[in-house]
Trainee: 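Next up is a structure, given as structure tokens.
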There are 2 protein chains.
Amino acid sequence: MSSSPLDPVLTANFLRGNTAIIVLAILRDGPAHGYAIGSEIARRSEHTLEFKQGTLYPILHELERDGSICSEWEIPNGDRPRRVYTITESGQRELERRMEAWQRFNAAMIRVTAVRLDEQTG
Amino acid sequence: MSSSPLDPVLTANFLRGNTAIIVLAILRDGPAHGYAIGSEIARRSEHTLEFKQGTLYPILHELERDGSICSEWEIPNGDRPRRVYTITESGQRELERRMEAWQRFNAAMIRVTAVRLDEQTG
DNA sequence: ACTACATGCCTAGCGACGCATAGTATGAGC
DNA sequence: GCTCATACTATGCGTCGCTAGGCATGTAGT
């Protein structure tokens, strides 16, 4: 399987409102810098999801502005500086709030379309 | 518990790319006119989803333009004319295609956020 | 008769947000 | 001294659900 990549137009729309959840969920498992977050999203989703830089970095800035994450520059020995992001407590709550909303939306979608996710064999 | 209504901003974003699926899924179960489609969406989702008219009617027009649905005016005895929509074979395929994409996206979301839908008790 | 409301359809323009694109810069491998 | 992966930033575009309007008819209340 792993099949054809998801229709990029559909994916871009599906992503709407879900980007913050994804980034926060990655950071819930530990601090990371922007580029690494992008790689991790691709890895976990088996490249079904691949955040463009023009998508990822603005989200990080917005989440930081909202206080959901905070950052500091890290200067590794003999490597380029990178901005490392850490989820805050407020960010944890925000993640929970958004996950709840997402699950409720999904439940509604399933009822309306009368589809069960477990009908499909993955 | 049907609880508080979903955050309308989140909902509007979650809806992105899903409106066509929802409408096609309703019509898969039989022809219906616009207003009835809207009511049925609200009913099935227990009012978690409520399409605005400015959302619903443009979708119907677009789906018809694409050949996914077709319509004709129905003039019931002693009632106002209404435009009744029927899903086409091409629409059935479109529905399947979009549902597959949606399910794959959801599967990716679940992997990335490391959440199982069945973790929550409904 | 008049008001109010649910039903029923339509459209123009707004705004949010993911994307495309471009720019800057360092380290590794050839 | 190339190229490529890494790493961050900024600007403007395009899509699409929503807001906010318009038009029209049947029913119920007063």
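Numbers restart at 1 for each chain; the letters A, B, ... are given by sequence-line order, proteins then strands.
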Trainee: Give each protein N/O atom lying under 3.5 Å from an N/O atom of nucleotides 9-11 of chain D, with the pair distance.
Mentor:
residue	atom	partner	partner atom	Å
D/dT9	OP2	A/H61	NE2	2.7

Trainee: How close or far is atom C1' of D/dG14 from atom CG of A/L10, stated in whole angstroms?
Mentor: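 So the CG-C1' distance, A/L10 to D/dG14, works out to 16 Å.
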Trainee: In whole angstroms, how far is the C1' atom of C/dC17 from the CZ atom of A/F51?
Mentor: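 It is 12 Å, rounded to the nearest whole Å.
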Trainee: Whole-Å distance between D/dG17 C1' and B/D7 CG?
Mentor: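 Roughly 14 Å, once rounded to whole Å.
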Trainee: Check B/T19, B/I21, B/L27 against B/V23 for a side-chain contact (heavy atoms from CB on, under 4.5 Å) and give me the one that passes.
Mentor: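 Single pass found, and it is B/L27.
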Trainee: If I take atom CG in residue A/L60 and atom C1' in nucleotide D/dC8, what distance separates them, rounded to the nearest angstrom?
Mentor: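 After rounding, the gap between these two atoms is 10 Å.
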Trainee: For B/L63 and C/dC10, what is the distance between atoms CG and P respectively, to the nearest whole Å?
Mentor: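 The answer, rounded to whole Å, is 13 Å.
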Trainee: Can you check whether A/R97 reaches A/R93 side chain to side chain, under 4.5 Å on heavy atoms?
Mentor: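 When only atoms from C-beta onward are counted, A/R93 and A/R97 do not touch, as no gap falls below 4.5 Å.
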Trainee: Measure CD1/A/I59 against P/D/dC8 and give the value in whole Å, please.
Mentor: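 About 14 Å, once rounded to whole Å.
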Trainee: D/dC8, D/dT19, C/dC9: which one has an atom nearest the side-chain heavy atoms of B/K52?
Mentor: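 Nearest listed nucleotide: D/dT19.
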Trainee: How many Å lie between CD on A/E40 and P on D/dA7, as a whole number?
Mentor: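 Rounding to the nearest Å, CD of A/E40 and P of D/dA7 are 14 Å apart.
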Trainee: Within the side chain of A/T113, is there an N or O that forms a donor-acceptor pair under 3.5 Å with the backbone of A/M109?
Mentor: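 Yes, A/T113 side chain to A/M109 backbone: donor-acceptor pair under 3.5 Å.
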Trainee: Keeping A/R83 on the side-chain end and A/E72 on the backbone end, is there a donor-acceptor pair under 3.5 Å?
Mentor: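 Judged by distance alone, no pair lies under 3.5 Å.
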Trainee: Do B/F51 and B/I37 make a side-chain contact, defined as non-hydrogen atoms from C-beta onward lying under 4.5 Å apart?
Mentor: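 Heavy-atom side-chain distance check fails, nothing below 4.5 Å.
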Trainee: Would you say A/H33 reaches D/dC8's phosphate, i.e. side-chain N/O to OP1/OP2 under 4.0 Å?
Mentor: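 Answer no for this pair, as no side-chain N or O of A/H33 is under 4.0 Å from OP1 or OP2.
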Trainee: Hey, is the main chain of A/N13 close enough, under 3.5 Å, to the side chain of B/R16 for a donor-acceptor pair?
Mentor: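 Pair absent, no side-chain N/O of B/R16 close to backbone of A/N13.
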Trainee: Under the rule for salt bridge (charged side-chain N to carboxylate O under 4.0 Å, His left out), what residues qualify as partners of A/D66, not counting sequence neighbours?
Mentor: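 So A/D66 forms no salt bridge (charged side-chain N to carboxylate O under 4.0 Å, His left out) with any residue.
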Trainee: Look only at the side chain of A/T88 and the backbone of A/G67, and say whether a donor-acceptor pair between them is shorter than 3.5 Å.
Mentor: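 Yes, because the side chain of A/T88 sits within donor-acceptor range (under 3.5 Å) of the backbone of A/G67.
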Trainee: Nearest whole Å is fine: how far is C/dG18 P from A/E50 CD?
Mentor: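 Taking atom P of C/dG18 as the reference, CD of A/E50 is at 17 Å.
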Trainee: For A/R98, which of A/E100, A/E94, A/E96 qualifies under salt bridge (Lys or Arg N to Asp or Glu O under 4.0 Å)?
Mentor: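 Answer after filtering A/E100, A/E94, A/E96: A/E94.
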Trainee: What does nucleotides 24-29 of chain C look like as a protein-contact string, B for base, S for sugar-phosphate only, - for none, at under 4.0 angstrom between heavy atoms?
Mentor: --BS--
Trainee: For A/Y85, enumerate each residue passing the ring-ring contact (aromatic ring centres under 6.0 Å, His included) test, keeping only those at least two apart in sequence or located in another chain.
Mentor: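 ring-ring contact (aromatic ring centres under 6.0 Å, His included) list for A/Y85, sorted by chain: empty.
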Trainee: Could you pull out the protein-nucleic contacts involving nucleotides 14-16 of chain C (nitrogen or oxygen on both sides, under 3.5 Å)?
Mentor:
residue	atom	partner	partner atom	Å
C/dG15	N2	B/R16	NH2	3.4
C/dA16	N3	A/R16	NH1	3.4

Trainee: Taking side-chain hydrogen bond (donor to acceptor under 3.5 Å, both in side chains) as the test, write out the residues that go with B/R80, two or more places apart.
Mentor: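 Expected list: none.
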